[in-house]
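Right, I'll just put the structure down here and ask away after.
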Amino acid sequence: MEVLDPADAVQVTEFLLVVLSGVAAGALNAIGGGGTFVALPALVAFGTPPVVANAMARVALVPGAVASAWVYRRDLVPVGPTTTKALTATSVLGGGVGAGLVLLLPASAFTVAAPWLLAFATVTLAFGRHLSKALSSATGRPVGMSSRAVLTAQFCLAVYGGYFGGAVGIMMVALWNIGLGLDAAVSNPMRVGQLAAIFLSASVLFLVASDALRAPLVLTAMLAGAVAGGVAGAHLARRLPAWLLRSVVLATAVIMTVLYFLRG
């Protein structure tokens, strides 16, 4: 009986961990957001430089986001007065601009910014809903955003999503809830669709102009896991309690933020 070489055993274990990280990231994105909190730190933990890991994570997660969007395709609802086509085009444009910033700015800029972006996204995850309720209570009604205001805000979020992406879906839901009174459960399918649009344009740029393909085996492993997790997560999202989903995503965000600051 042939004994597996220890070095090969380590490689197999790492491969399986990458696949599982992809599954978790794809499922989180489909359910409530936060997949970047798993994918990016996992790639960095396997020795990938932060900027390259950011590009690889975006490329790896886009098929899972597209798969989730396909599952949700019949549940899409318009976001206020804005058409779905205009919103999607804005997301694609902003995602490309954000990815361009990753490639143009020095690598040290992303390394320094990453922990703070994680912290900002974590705070949004933790307090976004409370802020939404407080503003609605203070004004007595949701703020009525115009189509131009929705698209402008969406572009800014898409730029952030293309550059980093952590909790950008949660931020979209919070924006639509505060500005348009759109219920989080109703807007979740559109969130997934716009997340796919942002990641898709960013991924195209990363594939052409970055080192995202420097570790094709790792990238493929996470990509395959993200697709499986994205499909499964979209189907499970309607069955799990909302409070449990939010708790899982928030716990992941807090842990990863702390680890990033400790690493820095």
Side-chain angles (χ1 to χ4, degrees), residues 9-48 50 52-73 75 118 121-122 125 161 164-170 188-189 191-200 202-203 206-207 212-257 259-260:
V10 171
Q11 290 182 346
V12 171
T13 301
E14 290 182 347
F15 180 83
L16 291 176
L17 289 175
V18 171
V19 173
L20 291 176
S21 297
V23 171
L28 284 174
N29 276 341
I31 291 171
T36 302
F37 289 114
V38 176
L40 179 58
L43 290 171
V44 172
F46 288 117
T48 308
V52 178
N54 182 44
M56 288 178 64
R58 212 60 46 82
V59 173
L61 293 181
V62 67
V66 172
S68 300
W70 176 257
V71 174
Y72 282 127
R73 67 190 183 281
D75 301 324
L118 279 168
T122 301
L125 281 168
F164 179 64
V168 64
I170 301 297
N188 191 54
R191 174 192 67 81
V192 174
Q194 297 309 307
L195 191 67
I198 294 170
F199 282 5
L200 183 60
S203 296
F206 285 143
L207 284 173
L213 297 177
R214 63 180 291 173
L217 184 61
V218 173
L219 178 62
T220 303
M222 181 164 284
L223 187 152
V227 171
V231 173
H235 285 294
L236 286 174
R238 300 187 183 101
R239 302 175 183 174
L240 295 179
W243 67 266
L244 179 59
L245 302 181
R246 288 194 296 271
S247 298
V248 171
V249 175
L250 181 58
T252 302
V254 171
I255 292 171
M256 294 306 172
T257 300
L259 290 178
Y260 250 67

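Side chains are part of it too, since the values below use all heavy atoms of this structure and drop only hydrogens, waters and symmetry mates.
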Side-chain donor or acceptor of Y72 paired with backbone N/O of A30 under 3.5 Å: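 Checking the backbone N and O of A30 against the side chain of Y72, a donor-acceptor pair under 3.5 Å is found.
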For L17, side-chain contact (heavy atoms from CB on, under 4.5 Å) partners two or more places apart: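 Once residues adjacent in sequence are excluded, the partners of L17 under the side-chain contact (heavy atoms from CB on, under 4.5 Å) criterion are T13, F46.
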Candidate list L195, L207, L200, L223, test side chain to side chain contact (heavy atoms under 4.5 Å, CB included), partner V62, passing option: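 Exactly one pass, corresponding to L200.
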Pairs touching residues 55-70 that satisfy side chain to side chain donor-acceptor pair (under 3.5 Å), sequence neighbours left out: N54-R58
L217: side-chain contact (heavy atoms from CB on, under 4.5 Å) partners, not counting sequence neighbours: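 With neighbours one apart ignored, the set is F15.
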Which atom of I198 lies closest to which atom of G161, heavy atoms considered: CG2-C, 3.8 Å
Set of residues satisfying side-chain contact (heavy atoms from CB on, under 4.5 Å) with respect to L219, sequence neighbours excluded: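 Per chain and number, L219 pairs via side-chain contact (heavy atoms from CB on, under 4.5 Å) with M56, V59, A60, L213.
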Considering all heavy atoms, the nearest A69-V192 contact: N-CG1, 3.5 Å
Results of side-chain contact (heavy atoms from CB on, under 4.5 Å) for A224 - residues two or more places apart only: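 With neighbours one apart ignored, the set is empty.
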Validation row: H235, V71 side chains within 4.5 angstrom (heavy atoms): yes
Side chain to side chain donor-acceptor pair (under 3.5 Å) contacts in which one or both residues fall within residues 23-47, not counting sequence neighbours: none
Atom of V18, atom of A221 and distance for their closest heavy-atom approach: CG1-CB, 3.8 Å
Shortest non-hydrogen contact between L61 and G26, atoms and distance: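 Answer, listing the atom of L61 first, then G26: CD2-N, 4.4 Å.
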Least distance between heavy atoms, A24 atom then V38 atom: CB-CG1, 4.1 Å
Heavy-atom closest contact (L43 atom, A57 atom, distance): CD1-N, 3.6 Å
Backbone of P216 reached by a side-chain donor or acceptor of T220 within 3.5 Å: yes
